[in-house]
Amino acid sequence: MHFSGLRVIREALTGHKGWKPLWRNPEPQPAYDYIIVGGGGHGLATAYYLAKTFGRARIAVLEKSWLGSGNIGRNTTIIRSNYLLPGNEPFYEFSMKLWEGLEQEFNFNAMVSQRGILNLCHTDAQRDAFRRRGNAMLLAGADAELLDREQVRAMAPFLNFDNARFPIKGGLLQRRAGTARHDGVAWGYARGADMRGVDLIQNCEVTGFRIDGGRISGVETTRGYIAAGTVGVAVAGSSSRVMAMAGMRLPIESHVLQAFVSEGLKPTIPGVITFGAGHFYVSQSDKGGLVFGGDIDGYNSYAQRGNLPVIEDVAEGGMALMPMIGRARLLRVWGGIMDMSMDGSPIIDRTPVEGLYLNAGWCYGGFKATPASGYAFAHLLATGRPHETASAYRLDRFTRGYVIDEKGVGAQPNLH
Amino acid sequence: MLIPHPLLGLRDAQEFTYLGDAVLLNRPDGMAEGAEAAFAEYVYLRDNPAGVHRELWFHEQGDRSWLVVTRDTTTHEILGAELARDVKLKGGAA
Amino acid sequence: MTRLTGGLIDRARNLRFTFDGRTYAGHPGDTLASALLANGVRLMGRSFKYHRPRGVFSAGSEEPNALVELRSGARKEPNSRATVAELYDGLEAASQNHVGPLGFDLLAVNDLFSSFFAAGFYYKTFMWPRAFWEKLYEPAIRRAAGLGSLSMQPDPDAYDKGFLHCDLLVIGGGAAGLSAALTASRAGARVILADEDFRLGGRLLAESHLLDDAPATEWVAQAEAELAALPNVRILCRTTVIGAFDHGVYGAVERVADHLPEPGRQVRQTLWRITASRAVLAAGAIERHIPFRNNDRPGIMLAGAMRAYANRWAASPARRVAIFTNNDDGHRTALDLAAKGIEVAAVIDSRSDAQAQGHYRLVHGMVCDAKGRLGLRGVQIDSDGRREWLDCGALGVAGGWNPNVHLASHHRGRPVWDAALQAFVPGEGGPCGLIAAGAAKGQGSTAAALRSGAGAAVEALAQLGIEARSAELPAAEDAPAGLRPLWHVPGKGRAWVDFQNDVTVKDIKLAHQENMRPVEHLKRWTTLGMATDQGKTANVTALAVMSELTGKPIPETGTTIFRPPYSGVSLSVLGGGDTGPHFRPRRLTPTHEWARAQGAVFVEVGPWVRAQYFPRPGETHWRQTVDREVLATRAGVGICDVTTLGKVDVQGADAGEFLDRIYANAMKSLKVGMVRYGLMLREDGMAWDDGTCARLAEDHYVTTTTTAQAGPVYRQMEFARQCLWPELDVQLISTTDAWAQIAVAGPNARRLLERIVDGFDLSNEAFPFMACAGLMVCGGLRARLFRISFSGELAYEIAVPARYGQALVERLMEKGADLGATPYGTEALGVMRIEKGHAAGNELNGQTTAQMLGLGRMVSSKKDGIGAVMSRREGLAAETRVLVGLQPVDPAQPVLAGMHLFAEGAEHRTETDQGWITSACHSPHVGSSIGLGFLADGGTRMGETVIAANPLQGQKVALRVVPPHFIDPEGGRLRD
Amino acid sequence: MTDLTPITALGAHAPARHAFGALTITENAGLALASLALRRGATQPAPLGLALPGPGAWQAGQGVAAFWTGPGQWMIEAEDRAESDFAAALAAEAPGCSITEQSDGWTAFEVVSDRGGAPIRALMEKLVNIDAAAFGPGSATRTGLHHMGVFLIRRGEDRLAVIGMRSLAGALWHALEETAGRLKGEGA
């Protein structure tokens with residue numbers, strides 16, 4: 001079914017009787033060519049591009065819960081491509097370009113909203129680092145602008161300019177960045193994949209891998225054994241747990257990241273603003289809620305909840321940056337489980353088990369990567385070769401010494 | 001969260017700085033044969049269990065002890081805490 | 001006016017307040033909602049999506065409809081629930097989310113087109129043309145959405161945080177909570193009793209039945225008096241427990257001054273972090289409604305709320321009311337209102353065998369429609385297919401009660417369905433140590449709640465080893481509710497499930513039709529449960545509707561997890577305390593006051609505030625000042641406070657061995673009385689931190705770290721000491737703050753120091769480059785002297801007890817007047833270290849290696865230092881970028897940190913990028929801008945021209961590659 | 001004796017002192033501090049006649065006192081001896097121990113109540129996540145206070161010492177002043 005304004009009007013006039021399920025609820029088949037483990041954003045996008053771009057068939061997505069129940073359903077919806085390192089920036093810019101045509105491509109309004117992201121700097125050294133980063137972005141074909149204090153003030157006059165512990169000296173602006181409606185992204189990919197014959201199987205948890213002579217032959221699930229020649233795992237938050245079933249240890253720890261939304265407010269904040277000195281970033285959703293976050297709680301966790309000190313820390317950062325939000329009320333706090341990798345960058349690679357592929361380690365930047373991650377993983381699954389923008393995301397980079405450490409904090413996942 | 005400090009009793013986790021898996025106690029011998037492979041594993045690979053996890057916390061705003069805390073990562077329940085020094089002297093994190 | 005008799009309001013005092021500019025009067029004890037109802041106001045707000053007229057729905061913090069903007073100016077507080085806004089004299093409130101007057105909201109046009117705005121419609125449209133989303137569609141949606149608006153001014157009030165500890169936290173001060181608190185406190189336990197209301201009693205305040213043959217308020221008053229008198233009890237009224245966190249930590253917000261016109265000298269609110277060994281959740285229950293067509297008309301409310309308004313606040317939404325119920329509780333409302341003189345038009349009971357409990361008309365049937373756009377005028381009743389319109393100004397709806405399980409599910413413990421109660425009750429996996437009691441676990445009758453509260457306290461204390469006996473409890477009503485579920489009234493038209501977000505039964509049906517059936521899909525597709533009440537008034541009803549559609553029982557249809565906070569919390573109080581200059585503590589150097597007196601300009605350096613430069617009269621640009629400071633230092637002597645560098649005192653028999661393992665280079669071999677530069681690696685082999693290491697005695701070293709890494713380095717040293725090598729005899733302690741450390745640099749440095757030391761031989765022979773010693777200065781002051789140089793000049797760092805730092809600098813300035821003594825700040829320090837080619841934070845950014853820094857040979861392979869092994873990995877060894885000096889071919893051209901480097905003639909792309917400039921400055925010594933940077937194969941490209949590109953600012957500059965020492969490359973100045 | 005004039009941690013020539021209702025806060029500029037750490041195999045000394053206390057405790061003697069700071073580590077205090085080389089004096093009393101001068105590393109604010117323990121507890125409740133009721137006389141600990149690390153010593157029912165890093169004296173004074181001032185506002 002094609003979605004359009006006309007369709008909405010026609011259905012409204014005829015009692016909405018014509019709307020069809022967004023996707024089927026298929027029974028799992030005994031065998032597929034491709035199995036994607038994980039029905040989150042990356043898994044669904046992978047299935048979508050496998051079917052659409054790479055023309056593959058006999059594909060299933062296995063999701064232990066409901067579609068989109070992973071981190072795509074619990075993030076702060078930011079999209080951007082403002083990275084520094086050559087291993088990252090081209091990939092995220094590729095993602096940005098996919099975002100820019102996404103809704104027309106999959107005929108679903110995911111509310112991709114390019115209202116910009118502004119990273120604030122507070123010292124000369126931070127400004128120098130932003131100059132290096134902004135230039136790296138431009139060199140990779142992305143957009144970037146370095147703003148001085150007055151330019152920042154013109155964009156966001158409500159920030160604390162005159163009474164601050166960490167005075168604002170300027171900022172790095174990426175205008176093409178912004179937000180997207182996270183659930184809409186999952187549903188758009190799911191619907192697009194389903195329309196192309198992908199079986200999206202909910203409530204189907206993978207409980208083991210069947211490996212014969214170093215080659216994958218299928219997966220054990222709570223709904224029985226399913227055979228497959230190629231299995232791609234995209235289960236951020238649970239990567240270590242799932243890959244342990246294939247006998248692998250990963251350079252990943254699971255951590256909880258809390259995110260926050262305020263009660264609805266009339267338009268207040270123009271785009272995304274990040275406060276480097278105070279662990280705080282914020283945007284405003286189309287419904288009016290201020291969506292914000294800060295640092296991870298910092299200890300290994302598989303519980304989708306965090307603790308009060310981080311809530312306070314984030315609110316303190318928000319109040320220091322924009323004291324005018326004080327009378328807004330926090331509505332809801334939630335936690336998501338992040339694959340925190342040892343260098344803060346992801347992994348899209350084959351594994352020592354032939355036919356078994358891994359997409360993991362997104363830290364808390366996985367949402368913005370969804371299109372490119374799906375595309376690059378599909379590319380790898382379909383062709384056996386890494387996509388050109390994802391060629392640095394190798395598993396062996398740690399052993400060999402080619403880490404991609406944007407923050408320069410080393411092998412300590414909770415600092416990335 | 002509260003950390004049951006073996007000397008000071010329950011203390012707010014905010015006084016502590018977290019490091020990670022207690023296998024970090026088991027630093028390989030840098031002068032040994034094959035040290036590079038051993039270090040790659042030591043520095044980068046983790047079990048990352050969903051369940052009981054032995055991990056290192058530093059009582060930074062406290063007595064400056066490093067602790068090995070045993071904690072369930074699915075419930076956050078803490079099952080015990082020891083001075084890391086004692087654990088190491090007894091032979092490491094095992 | 002619909003003010004009734006009785007109630008818990010103080011009629012002796014009048015409070016004036018305004019709503020939408022009109023002035024009304026109420027009494028102490030009123031809420032804004034009760035006072036408005038008493039003044040005959042039913043219309044209070046507009047819904048989120050369709051802008052439907054709405055009135056008060058509840059009598060608590062779960063209110064989804066009657067949201068207002070409270071106060072004005074910088075204190076304006078959007079989305080405030082009128083139902084819990086305590087009335088004070090002069091209160092100002094305004095309705096929100098409408099264009100034009102509340103009674104004629106232009107955006108109510110949305111309601112006419114509601115069928116176009118069905119669940120999920122926006123995912124299906126607004127996609128063409130692409131650019132229209134940001135320009136047209138989205139701004140329009142944003143303007144229409146949202147609720148209230150912020151003042152956009154900083155919050156003027158003060159906020160506090162605090163920490164409380166107790167044996168038992170009792171959450172809720174109703175029947176169950178009071179009996180729990182009495183039971184626990186009499187056993188001697190330390191008890192905190194928190195209630196979100198401004199008055200203890202909970203539902204007891206809203207009911208008319210008796211406790212021990214007396215009004216319930218008498219028992220409440222007795223209990224409160226007893227608790228208040230006990231030293232082991234703390235009562236926190238106006239305090240909402242917002243979340244249950246790990247290990248018995250609860251967040252609670254106390255509204256200290258929200259009931260006052262202004263906080264005055266008090267804080268407005270306090271965030272308490274309560275550490276409780278055990279907790280009793282006695283948070284009561286929230287009544288549920290029964291959706292029917294147009295069930296959102298102002299005047300339709302929960303029956304229990306209607307009863308609360310009558311009994312507690314002596315207010316009624318109308319003179320003639322009706323009740324729609326599926327249980328006996330609805331009849332109580334009829335009786336209580338009738339007793340207050342309100343005309344009960346009818347009680348419509350969906351149970352065919354229901355009996356009237358007093359003198360009122362009982363209709364067996366259902367309410368199936370309502371009329372009265374801005375205020376209810378009548379309801380349509382369907383009794384076995386017979387329909388009639390019944391005039392009434394208000395309708396109380398009683399659909400049963402949902403236990404307030406929220407806090408019990410904050411740890412993702414899922415509530416479980418209790419078929420007997422037809423409600424979710426707290427399940428397993430709740431917060432450890434939290435025991436539910438009273439209506440919060442389905443024990444809804446007063447007698448059961450009292451028993452349950454006391455029982456929970458006994459159980460909780462037994463777990464703590466405290467023996468307690470249940471408080472003796474008053475006799476109380478214990479009637480069963482006789483509920484027979486009716487989840488919604490079938491029929492055409494829109495029947496609201498989630499009021500604020502305008503989610504109707506039809507929307508749920510559409511979600512089902514479109515296969516958005518898992519409860520989380522249902523919520524996200526329809527926005528059900530995402531309003532300010534977070535589904536408190538909607539979720540269970542919606543599940544029941546979905547369950548009907550899928551044919552699966554409610555518990556299989558799903559449940560939802562409630563997340564903190566229990567109800568909305570101001571960001572001000574969560575971020576409480578200092579938001580301005582004291583947002584984070586500042587560390588001041590020992591010479592801060594002196595520098596300020598000299599007119600220094602200060603700069604933030606991590607937690608420190610340091611003098612950046614010292615302008616003199618006539619200097620109009622900071623560059624003039626910095627150039628002067630640099631030149632004066634290089635020509636005479638400069639003085640700079642370098643206290644901020646971290647200092648760690650290392651003692652013990654194995655101190656040398658320990659430092660050998662910590663640093664990449666050797667330290668054990670350092671002679672007593674000497675200093676060595678030290679490089680630290682991270683265990684992953686990357687360069688981490690540098691500093692000096694001075695050996696004061698065989699078993700005593702003092703090491704320095706960079707300012708930025710002082711904390712992490714100390715932590716790492718303790719890690720090495722306790723976790724890696726506890727067998728070594730080493731003791732560590734930070735001495736950063738204990739010593740004021742002053743750099744004295746320049747050709748006249750020795751001459752100046754000679755004037756203050758007490759008989760100490762400073763000659764090059766006696767005290768050569770990299771020497772250190774303890775000595776006396778200024779007539780008997782203990783000091784330490786290090787002959788080290790960051791500037792490239794003959795230089796020393798002298799350390800004295802911090803309290804003397806300022807006096808020492810003053811003395812140095814005084815004694816050095818004829819030697820050209822000049823104070824310099826961090827800016828000149830930076831210029832001189834760039835001229836000398838010393839790495840600092842921009843080079844040691846955690847992404848670089850010793851090899852890149854030109855220090856590769858310092859990493860010893862003869863010992864097992866941290867990071868040595870991993871520094872030899874293939875990728876690190878293959879790195880060709882090394883630190884070089886860069887100088888513009890045209891001296892007028894700028895060099896800026898953050899420029900990227902390219903070969904001449906190369907295209908400027910990621911693939912051709914050869915490095916970047918890390919640090920740059922204007923060098924008065926060279927007479928142009930200069931820079932340091934990492935350049936591919938830099939070591940072999942001396943003299944080559946490269947292009948530094950800064951496309952961000954439209955710059956391209958040709959630079960000559962030079963060694964990274966612009967001054968005194970042989971180091972003669974250091975050693976003379 | 002040097003002819004240089006010292007300043008206090010707050011940057012003045014005289015110690016700060018301020019009364020807020022029941023509470024008076026005084027900067028204890030004369031307090032000498034030195035750390036003492038046991039070396040491998042050393043027996044625990046009793047310097048200056050002090051029985052070194054166990055974890056979480058403070059032990060007072062004649063003009064001197066000691067509090068536990070970590071396993072095998074203590075801080076030794078001496079009244080009005082900041083100008084002397086207290087570390088050297090202590091070293092002589094504790095052979096085989098690592099002694100480090102700490103007088104100038106810290107600033108001590110003495111909080112005294114003229115209405116018993118309640119105002120002290122009220123102050124603690126607003127500043128530190130330490131159970132004030134369980135932190136009776138003789139208790140000492142390090143904890144966090146407004147993003148700073150501090151030592152707390154309950155010198156008596158009606159008195160509390162808050163010892164913070166010297167460079168943070170201004171920030172610590174601000175926190176104490178603000179909180180004590182608000183308690184006064186609330187009538188504590």
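Reckoned from all heavy atoms, side chains included, excluding hydrogens, waters and symmetry mates. Below, read A as the first sequence line, B as the second, and so on, with proteins coming before strands; counting in each chain starts at 1.
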When rounded to the nearest 0.5 Å, the distance separating OG of D:Ser98 from CG of C:Asp729 is 7.0 Å

Which ring-ring contact (aromatic ring centres under 6.0 Å, His included) pairs, counting each pair once, include a residue from residues 92-115 of chain D, with sequence neighbours left out?
D:Trp106-D:Phe151, D:Phe109-D:Trp173

Is it true that a side-chain atom of D:Asn129 and a backbone atom of C:Phe163 form a donor plus acceptor pair closer than 3.5 Å?
no

Considering only heavy atoms and a distance below 4.5 Å, find which of C:Thr589, C:Thr644, C:Val609, C:Asp654 pairs most often with chain D.
C:Asp654

Side chain / backbone / both / neither for D:Ala29 at chain C, heavy atoms under 4.5 Å:
backbone

Name of the residue among C:His700, C:Gln731, C:Gln651 meeting side chain to side chain donor-acceptor pair (under 3.5 Å) with D:Thr100:
C:Gln651

Honestly, the part of C:Thr270 sitting under 4.5 Å from a heavy atom of chain D is side chain

Measuring from atom CD of D:Glu125 to atom NE2 of C:His165, what distance do you get when rounded to the nearest 0.5 angstrom?
9.5 Å

Go through D:Ile130, D:Leu172, D:Leu4 and name the one with the most non-hydrogen pairs under 4.5 angstrom from chain C.
D:Leu4

Within a reach of under 6.0 Å around CZ of D:Arg40, are more than 12 heavy atoms found that belong to other residues, nucleotides or ligands?
yes

Region of D:Leu127 in contact with chain C, defined by heavy-atom distances below 4.5 Å
backbone

Straight-line distance of D:Ser35 OG to C:Asp649 CG, nearest 0.5 Å
7.0 Å

Between the side chains of D:Glu101 and C:Arg784, is the shortest nitrogen-to-carboxylate-oxygen separation below 4.0 Å, so that they form an ion pair?
no

Taking side chain as everything from C-beta outward and backbone as N, CA, C, O, which of these in C:Glu727 sits under 4.5 Å from a heavy atom of chain D? Side chain, backbone, both or neither.
backbone

Only distances under 3.5 Å count here; give the side-chain donor-acceptor pairs of residues 71-79 of chain D to other protein atoms, sequence neighbours excluded, each with its distance to 0.1 Å.
from    : atom 1 : to       : atom 2 : distance (Å)
D:Trp74 : NE1    : D:Pro53  : O      : 2.7
D:Glu77 : OE1    : D:Trp58  : NE1    : 2.8
D:Glu77 : OE1    : D:Arg155 : NH1    : 2.9
D:Glu77 : OE2    : D:Arg155 : NH1    : 3.2
D:Glu77 : OE2    : D:Arg155 : NH2    : 2.8

Should C:Gln806 and D:Thr5 count as side-chain neighbours, where that means a heavy-atom distance under 4.5 Å?
no

Flag the pair C:Cys778 / D:Asp3 as yes when at least one side-chain heavy-atom distance between them is below 4.5 Å, and no otherwise.
yes

What heavy-atom pair brings D:Lys126 and C:Trp272 nearest, and what distance separates the two atoms?
CE-CH2, 3.5 Å

Chain D heavy atoms under 4.5 Å from C:His592: which part of the residue, side chain, backbone, both or neither?
neither

Below 4.5 Å from any heavy atom of chain D, which atoms of C:Pro607 appear? Answer side chain, backbone, both or neither.
neither

Top of D:Leu33, D:Leu38, D:Val128 for chain C proximity - count of heavy-atom pairs under 4.5 angstrom
D:Val128

Residue pair C:Tyr804 / D:Met1: nearest heavy atoms and the distance that separates them:
OH-CE, 4.3 Å

With respect to chain D, which residue among C:Ala740, C:Gly779, C:Gly780, C:Cys166 yields the maximal number of heavy-atom pairs within a distance under 4.5 Å?
C:Gly779

If you round to the nearest 0.5 Å, how far is CG of D:Leu183 from CG of C:Asp160?
7.5 Å

In this structure, NE2 of D:His174 is separated from CZ of C:Arg586 (nearest 0.5 Å) by 10.5 Å

When only pairs under 4.5 Å are counted, which of C:Leu588, C:Thr591, C:Leu808, C:Val800 shares the most heavy-atom pairs with chain D?
C:Leu588

Out of D:Ala175, D:Gly181, D:Ala82, which one racks up the most heavy-atom pairs below 4.5 Å with chain C?
D:Ala82

CZ/C:Arg755: more than 12 non-hydrogen atoms of other groups inside 6.0 Å
yes

Among C:Thr275, C:Leu164, C:Asp699, residue most engaged with chain D (heavy-atom pairs, under 4.5 Å):
C:Asp699

Between chain D and each of C:Glu810, C:Lys161, C:Arg584, count heavy-atom pairs under 4.5 Å; write down the option with the most.
C:Arg584

Is the shortest side-chain N to carboxylate O distance from C:Arg803 to D:Glu83 below 4.0 Å?
yes

Have C:Thr735 and D:Gln102 got a donor and an acceptor in their side chains that come within less than 3.5 Å?
no

Stepwise side chain to side chain contact (heavy atoms under 4.5 Å, CB included) test for C:Arg587 and D:Met165
CA-CA 9 Å; C:Arg587 298 179 74 175; D:Met165 285 157 71; 2.8 Å; yes

Please determine whether a side-chain nitrogen of the Lys or Arg among D:Asp131 and C:Arg190 lies less than 4.0 Å from a carboxylate oxygen of the Asp or Glu.
yes

Given heavy-atom pairs under 4.5 angstrom as the criterion, report whether the side chain, backbone, both or neither of D:Thr69 touches chain C.
neither

Between D:Asp104 (side chain) and C:Ala802 (backbone), is there a donor-acceptor pair under 3.5 Å?
yes

Among the options D:Ile99, D:Thr107, D:Thr179, D:Thr8, pick out the one with the most heavy-atom pairs lying under 4.5 Å from chain C.
D:Ile99

